[in-house]
Number of protein chains: 2
Amino acid sequence: MERITIIDIAKMCGVGVTTVSRAINNHPDINEETKMMIMRVIKENHYIPNNSARNLKRAASKTIAVLIKGITNPFFNHMIKVFEEEIKRKKYSFFLQRVDENQDEIDVAIELEKEKRLKGIVFLGGYFSHSKEKLTQLTVPFVLSTIGMSEVVEPNEYSSVSVDDFNESYKLVDYLCSLGHTKIATITANMEDVSIGKLRFEGYKKALADHGVDYNADLVWHMKDDIESYTMENGYVVTKELLASKEEFTALYAISDSLAIGACKALLEAGKRVPEDYSVAGFDGLDISFYYNPSITTMKQPVGEIAEETIKILFDLINKKITHAHKTFPAELIVRESTRSLL
Amino acid sequence: MERITIIDIAKMCGVGVTTVSRAINNHPDINEETKMMIMRVIKENHYIPNNSARNLKRAASKTIAVLIKGITNPFFNHMIKVFEEEIKRKKYSFFLQRVDENQDEIDVAIELEKEKRLKGIVFLGGYFSHSKEKLTQLTVPFVLSTIGMSEVVEPNEYSSVSVDDFNESYKLVDYLCSLGHTKIATITANMEDVSIGKLRFEGYKKALADHGVDYNADLVWHMKDDIESYTMENGYVVTKELLASKEEFTALYAISDSLAIGACKALLEAGKRVPEDYSVAGFDGLDISFYYNPSITTMKQPVGEIAEETIKILFDLINKKITHAHKTFPAELIVRESTRSLL
C-alpha cells in the first residue's frame, strides 16, 4: 500500500496542506470543526504525519543516556522507571544502555557520545575507579548514581548521588553487634573493588572495632567472580562454602538483599534455621526482602529520591547552574524476622 | 577546552588527514608503524573521532525497538539481555521502550516508527487484543514475544513466540488435581484480559472439568487493578482477601511466580503453613521460585530460547524470508516444596 501523505489528506478534506498541518500541530489558528473533521479523516486513513526528520534531529540533539551495570539487578528496576519519567518530563529522549560486567563504562559512554550526540549521562551501578584522565574524556555532563567512589578521584571532578555506603553499612553491623553477635560473617565484593563493596566492607570493620570485636579474616567471604555479582546465586554458592569451612559464626551480613536471600536458601537447605541458628541481614531494601520467609533485616535505600535527585543534578550541570554536586541520602534500618538477639 | 579535531591530530603526527582517517578506520593501506604512532597520539590527546553524522544515519536507519509492558517484572530481565545481544550481533541498534500499563502499545509503536525509522519491533509482555485495523497501522515487521493472542486477530496478521499458555496452565492444574486437590483457588488476570491471563484461566477450567471437579466462581480471584499486575504485592493483597472471604480451599494456583510469592507471604502472616495447610503453585520459573522458602512449584518458561527465536523470526520478516510465523515452546513442570499430595 502506498503510504498516505499530508497532500492526500488535504485533498480528501478539501483544505490546504497548511490547514492539515495546523490541525496536527494543535495550532490555535484553525476552526475547531475543521480541525475535528481533519483529525477524523487522518484517523480513518491511518495517516502518520511524516515528521521523522524534525523528530530525528530533535531526538539526536537532546538525548540523555543511562548506562547500567547489572540490568538484571532488581534494585535498579524502579530507578529506571523514575529516570525515564523525569527525563521525558524535561522533554529529552531517554536512552538505556546495558554495560557488561567486564566492560569499561567510560569507553561505552565515549562511543555513545559519538553516535547519539548526548546531552548528559547517568552511570548506574557497577564499580567505579576510573582515573581523572579517563573521566575527562567525557565531554558531556554526567552523574554517578548509587555508585560509591573511592578516593582516587577528587570530588570536584565528578557528581554523585547515593547513600553513604560506609556509614549505613556501619549502622547495620552496629545493630548486629548490639544484639550480642561477635562472630559476624560477611559476604562482600571482590578484593579489587574500590567502590560500594569496599565502602560497605570498611563500615563492617569499623563497627566491629567500635564494639571491641576482633576482626577475623576467615569470616570474610567474597562474591564469586564467575557468577553475576550481587545475585541470589552468588550468595547461595558462597554460603555453601562458608558452611563447608566449618568456621563458626552466629550472624551473616550480606552486602545486598539478593545475596542475603541466596544465603538463607543455603542455610535452610543445610537444615539450619534463620534466625534461630543464624541471623542474616542484607542491604538495599528490595521488595523481596519483605516477602521472603523469613523477612530480611536490611538497610532500605530511598531509590526513588536518589533517582530524582540524580536527574535534578544532571540538568543543573547541563544548564551550567553548578559545576559539580555530591548528595547522599540516609538509608533506613528495617528490622525484620531474619535477625535475633543473643542477649 | 577546545575539542581536538582530526586536523590537530594530523598536524601533531606530521601526516595528512587522510592518513589519520585510515588509521582510525583500520584501512589496510597504511604503514603499521605510522598507524601505531597515530593511535598513540589520539589516545594521549583524548581525541574522539567525530563521525556522529555517519553513525547517526546508520543508527537511525537500522534500529530495532523492544516495547516492554511491565519493566519491573523480573521475568523480562533475562530476555532483554538476550534481545540486546542478538540485535547487536546483527549489527542493528537496540532501543528499549517502556510502555505503561494503561498505554496502548500500538500507539507508542507508531510514534516510535516516526521518530526512529525503525526496521522492526518486538512487543514484550502485556495484554494484546488489538484489531486487525489497528495492527495494519504498523508499517514495519513486528513479533509478539510471550504475549498470548486471543482469536480476535487472524494468525496470518502477525507473528508470535511464546509457550502455549492454555496447555501449560492446564498441565499445572492437572498436576494439582492429581495430588487430590479439588478446592483449587486461583489468582488470575482481570475479567477483560483476553491474552495470557485468559488462556491460563481457560487451562485451569479445562483441567478441573477433566478431573470432574465442579468449577466454583468463588475460588476465582482477580488481580487488583490499582496495583501493578503480576507482582508480589498484588498476590499478597488478593490472598489476604481470599482468606478473609472464608471460602474453603486446599491449593492456590497463581498465574505468575511473583503472585505466588505474595500469596505465600499472606498465608504465612496469617499463621498458615505452606504446603501443610495450603499448596501454592506459580507460573514462569523465575529464579526466586527456587530460592523462596518454601521453594515454589511452577511451570518454567524457556525464556532464553523464546527471546532468541523472537529475534530470528523478526529478521526473517525483515528479510522477507517469511510472511508470518508462530512458534510455541514447551514449558517445564517443576515440582518443589510448596505443593503436597492430599492422597
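Every chain is numbered from 1 and lettered A, B, ... according to where its sequence line falls, protein lines coming before strand lines.
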Run the side-chain donor-acceptor check on residues 263-271 of chain A: report pairs under 3.5 Å with partners two or more places apart or on a different chain.
unit_1 : atom_1 : unit_2 : atom_2 : d
A:K265 : NZ     : B:F290 : O      : 2.7
A:E269 : OE1    : A:Y236 : OH     : 2.7
A:E269 : OE2    : A:Y236 : OH     : 3.1

Check whether B:Y291 reaches the backbone of A:S258 with its side chain - one donor and one acceptor, N or O, closer than 3.5 Å.
no

What distance do [X] atom [atom1] and [Y] atom [atom2] have between them, rounded to the nearest 0.5 Å?
X      : Y      : atom1 : atom2 : value
A:M232 : B:I288 : CE    : CD1   : 4.5 Å
B:N77  : A:N77  : CG    : CG    : 5.5 Å
B:K88  : A:R98  : NZ    : CZ    : 7.0 Å

